[in-house]
Undergrad: 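Please find one structure pasted underneath; my questions will follow.
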Amino acid sequence: MAKDLLNFHIPIAATSSEYRTFPTKIHASSKPQNHEPRIRRHDSRKRTTFDRRRELRSVGNSILSIRRLLSNVNTGCLETALQMFEQMNKSSTFVWNVMIRGLVDSGLFQEAMEFYYRMRFEGIEPDNFTFPFVIKACAGVLGLKEGQSVHSTVIKLGLDVDIYICNALIVMYAKVSCVEDSEKIFEWMPVRDLVSWNSMVSGYVSAGDGWSSLMCFKKMQKVGVGLDRISCISSLGACALECCLLEGKEIFCQVLRNGLELDPMIQSSVIDMFGKCGKVDYAERFCVGIAQKNVVVWNSMIGAYALNDKPLESFSCMEMMQGAKDNVTPDTVTLINLLPLCSNLRALLKGKAIHGYAIRKGYLSHLVLETALIDTYGKCGSVMLAERVFSHMKRRNLVSLNAMIAAYVQNSKDREAIETFRDLQLESYAPDQMTFATTLAAYAEIALPKEGKQIHGLIYKLGISLGTYVPNALIHMYSKCGDLQAAREVFDRLVFKDLVTWNTIIMAYAIHGFGAYCFRLFSDMKNDGHEPNGSTFVSLLSACSIAGIVDEGWKYFDSMKRDYGLDPGIEHYGCMVDLLGRAGNLDRAKCFIDEMPSEPTSRIWGSLLAACRHHRNIKLAELVTNHIFSLDSDNTGCYVLLANMYAEAGRWEDAERIRCLMKKQGLKTTSSCSILENNGKTYKFKNNDKSLADSYIVFDVLDILSRKTGADLYFSSVSKLKPAELLKRRANSPIFHSVRLAICFGLINTTVGEPVLIRKNIRVCEDCHRAAKKISLITNREVVVGDSKQYHHFKDGRCSCGDYW
DNA sequence: GTAGGGTTAG
């Protein structure tokens, strides 16, 4: 392998430290008044062929060997070229240039840089030919520091007026996100040509600034530079970036006027532009007219369908490309385009098929493809396969790590997500907005406000540019961690709030049971000029369902379609089943599920099951569990709920039967656990947990409170227990449930007047709920308990959930 | 017999 031969490493610092500072010469000197180039360079083009031949002969390389070297480089036989190079006399700049060019052309940018440093180390002076290659290599490795160092050398050698070098610098600075430096170079260039203008147009696109690119494109035509195929490709990219159809159409007309429509790169750029501007039909019409389509053109069309929510067309497009007429083989980009469709369709098998195809074709390992696979597996619920791809990756970057964190979060592996986030920091990756937004979602599920605040501090410290993406995740995280006040502060400080921000804050108040306040926020949102979407109504209906505001719930449900043309989705139906269940209208809830336009999920049935339990309707519960098991046979919660219902009704044989069934299937109940924080430390309690050093105090307080709240609570609610069973269960009594231990610990360790905040991994049981209400009354303290769905604010003997959850 | 700008993707 060519790379093995490139084992000559010189540390960058040893060779380029003298060029580390950014060159200021071009900015400090006065702007040239005319466009006459300052002649300061040794222009090799002025040398005659004879001179060059004589020079090359004089350094001991025969013309034949140089021709062979060039031919190897030109045909991509880098390995042979490298072997030849090592045996040649290396004192001429020419042979180094040829080698560096070869490496750059093969995408071996780091190796090209190392070759340049080696050249300098051996005392060979680079010339005007060397720098365009080297600068391109700097852009390739996105090395701003290296680029600046090379730029210094260019100035020192008086080559900063060379138009080729300047053009390369423009592109390099834009690619490393310093487009202002590109602008300065462009502005100060003594002479600009079409390539200089094109470099600026494409430079702005690389920097993500499509509008500046289009303005530059217009200006270049105004000053009479004209345009060529590359101007069109770059400006079409700008239109695609900004979804600017009008400009895109104009450029398309220019393409036709200039007869450029047969150029495959133009073709793919046009399709891509139309696709990104939401005009997949235009893209399709243009694509159909292309007689011979290459793989990039096909990929652009597949991508356009995918982007415009036409997954089936994307797949059939892939089949067409492989058809007898075109017979084009899908490449890595084709697969990368198709994988998100599998994610959206939750089509795990299709994703696996693409993975298999990639392996058969030898496309792996490929960083982007592997990242897309992690994403697909994560979204399709197979975190194990995502992990497998991740662990086999030869190379990773921030995006692949973000994808793995997201896969964990999507599959409720929040601890693993946080662990991966920590690894990412240890490996010195600089987390970005995506990293934080995803990791915050993991914290939202399992953390307490203190940990959340720490990650918030880190975001602040790193100066992550915010937008709304991270603040929205922060609002969600704080509300889920129980600190609604902190969520509100983030919301209030956010100057530009988008629809997601509003939906998130409404949901924040919803899960804390402040239903009525959510309706006010909804009205504020509309006054702020936002049209609600499906998620807004999930927030609103959740608010109604959690706070038990039945009438408003129906009002919003009806308003969705009538006022906003939004079809209720499965989540909206879920909220309505909750509401009907709460009202005790179980038959109506069942009919409502039966009449749903889409197939009910196990979650929908789960809502009805919770209602059945609340209203002690075992008959319906049995029917509902059958539905749940047919969809989700290892739904532990469902087994437990049914078993408890049987137990409460004194139907011990049935309860035992359900427990046996669980055992048979190897299902284990999730053990309850409650957490709270005190003095910056998180304390974790399990049921009947005596592991804490001063747990005897906790148990003493619990004893006092149990007496005051009526220790017979538990026994009264399960009074149909047999005496033997009663004794057996004494040890597992709800009196010692984790949440009660945590409440006692909180009461002991927090200041009077401060609420006691607890998070719990599973739903609060009826006994603990009843006890918490009494404790709040007796101690005159607010107790806040968050479970997997909502928060219960216990105050003055009442709960914000209205005793339905 | 060496240079600069360019398409699709996570």
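Sequence lines set the chain letters: A, B, ... in the order given, protein chains first and strands last, and positions in each chain run from 1. Remember, it's a predicted structure, so these values are computed and weren't measured experimentally.
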Undergrad: From B:dG1, B:dT8, B:dG10, pick the nucleotide closest to the side chain of A:I63?
TA: B:dG1

Undergrad: Calculate the interatomic distance between A:L241 atom CG and B:dA9 atom P; express it in whole Å.
TA: 11 Å

Undergrad: As a test of reading the structure: which of B:dT8, B:dG10, B:dG1 is closest to the side chain of A:N299, going by heavy atoms?
TA: B:dT8

Undergrad: Roughly, in whole Å, what's the span from CG in A:L103 to C1' in B:dT2?
TA: 14 Å

Undergrad: Using a heavy-atom cut-off of 4.0 Å across all strands, would you classify A:K276 as base, sugar-phosphate, or nothing?
TA: sugar-phosphate

Undergrad: Would you mind reading off the distance between A:M434 atom CE and B:dG10 atom P, rounded to a whole angstrom?
TA: 10 Å

Undergrad: So which nucleotide from B:dG10, B:dT8, B:dT2 ends up closest to the side chain of A:V399?
TA: B:dG10

Undergrad: How about A:F252 and A:F274: are their ring centroids closer than 6.0 Å?
TA: yes

Undergrad: Over all strands shown, is A:N294 touching base, sugar-phosphate only, or nothing at heavy-atom distances under 4.0 angstrom?
TA: nothing

Undergrad: Looking across every strand, which nucleic acid part, if any, lies under 4.0 Å from A:D228 by heavy atom: base, sugar-phosphate, or nothing?
TA: base

Undergrad: Taking the six-membered ring where the residue is Trp, are the ring centres of A:F217 and A:W197 under 6.0 Å apart?
TA: no

Undergrad: Both conditions, 6.0 Å and 45 degrees, for the charged tip of A:R118 above the ring of A:F115: are they met here?
TA: yes

Undergrad: With sugar-phosphate meaning primed atoms plus P, OP1 and OP2, does A:L339 contact a base, only sugar-phosphate, or nothing at under 4.0 Å between heavy atoms?
TA: nothing

Undergrad: Take atom CE of A:M84 and atom P of B:dG1, then tell me their distance rounded to the nearest Å.
TA: 16 Å

Undergrad: Counting side-chain heavy atoms from C-beta on, which of B:dG10, B:dT8, B:dG1 comes nearest to A:L367?
TA: B:dG10

Undergrad: Round to the nearest Å and state the distance from A:Q267 atom CD to B:dT8 atom P.
TA: 14 Å

Undergrad: Which part of the nucleic acid, if any, lies within contact of A:N337, taking any heavy atom under 4.0 Å across all strands shown: a base, the sugar-phosphate backbone alone, or nothing?
TA: sugar-phosphate

Undergrad: Quick check for you: among B:dA3, B:dT8, B:dG10, whose closest atom lies nearest to any side-chain atom of A:P132?
TA: B:dA3

Undergrad: B:dT7 base to A:S268 side chain: any donor-acceptor pair below 3.5 Å?
TA: yes

Undergrad: Round to the nearest Å and state the distance from A:I230 atom CD1 to B:dT7 atom P.
TA: 9 Å

Undergrad: Mind calculating the distance between CD (A:E370) and C1' (B:dA9) to the nearest angstrom?
TA: 14 Å

Undergrad: So A:V333, base contact, sugar-phosphate only, or nothing? Heavy-atom distance under 4.0 Å.
TA: base

Undergrad: For A:K293 and B:dT8, give me the distance from atom NZ to atom C1', rounded to whole Å.
TA: 15 Å

Undergrad: Please work out if A:I170 contacts a base, only the sugar-phosphate, or nothing of the nucleic acid, heavy-atom cut-off 4.0 Å.
TA: nothing

Undergrad: Measure from NZ or CZ of A:K136 to the centre of the six-membered ring of A:F109 and say whether it is under 6.0 Å with the direction within 45° of the ring axis.
TA: no

Undergrad: Classify A:N402 by what it touches in the nucleic acid, base, sugar-phosphate, or nothing, heavy-atom distance under 4.0 Å.
TA: nothing

Undergrad: Would you mind telling me which of B:dA3, B:dA9, B:dG10 lies closest to the side-chain atoms of A:D272?
TA: B:dA9

Undergrad: A:N402 and side-chain hydrogen bond (donor to acceptor under 3.5 Å, both in side chains): which partner among A:T439, A:D432, A:T438?
TA: A:D432

Undergrad: Given B:dA3, B:dA9, B:dG1, which nucleotide is nearest the side-chain atoms of A:N128?
TA: B:dA3

Undergrad: Kindly say whether the aromatic ring centers of A:F421 and A:F436 come within a distance under 6.0 Å.
TA: yes

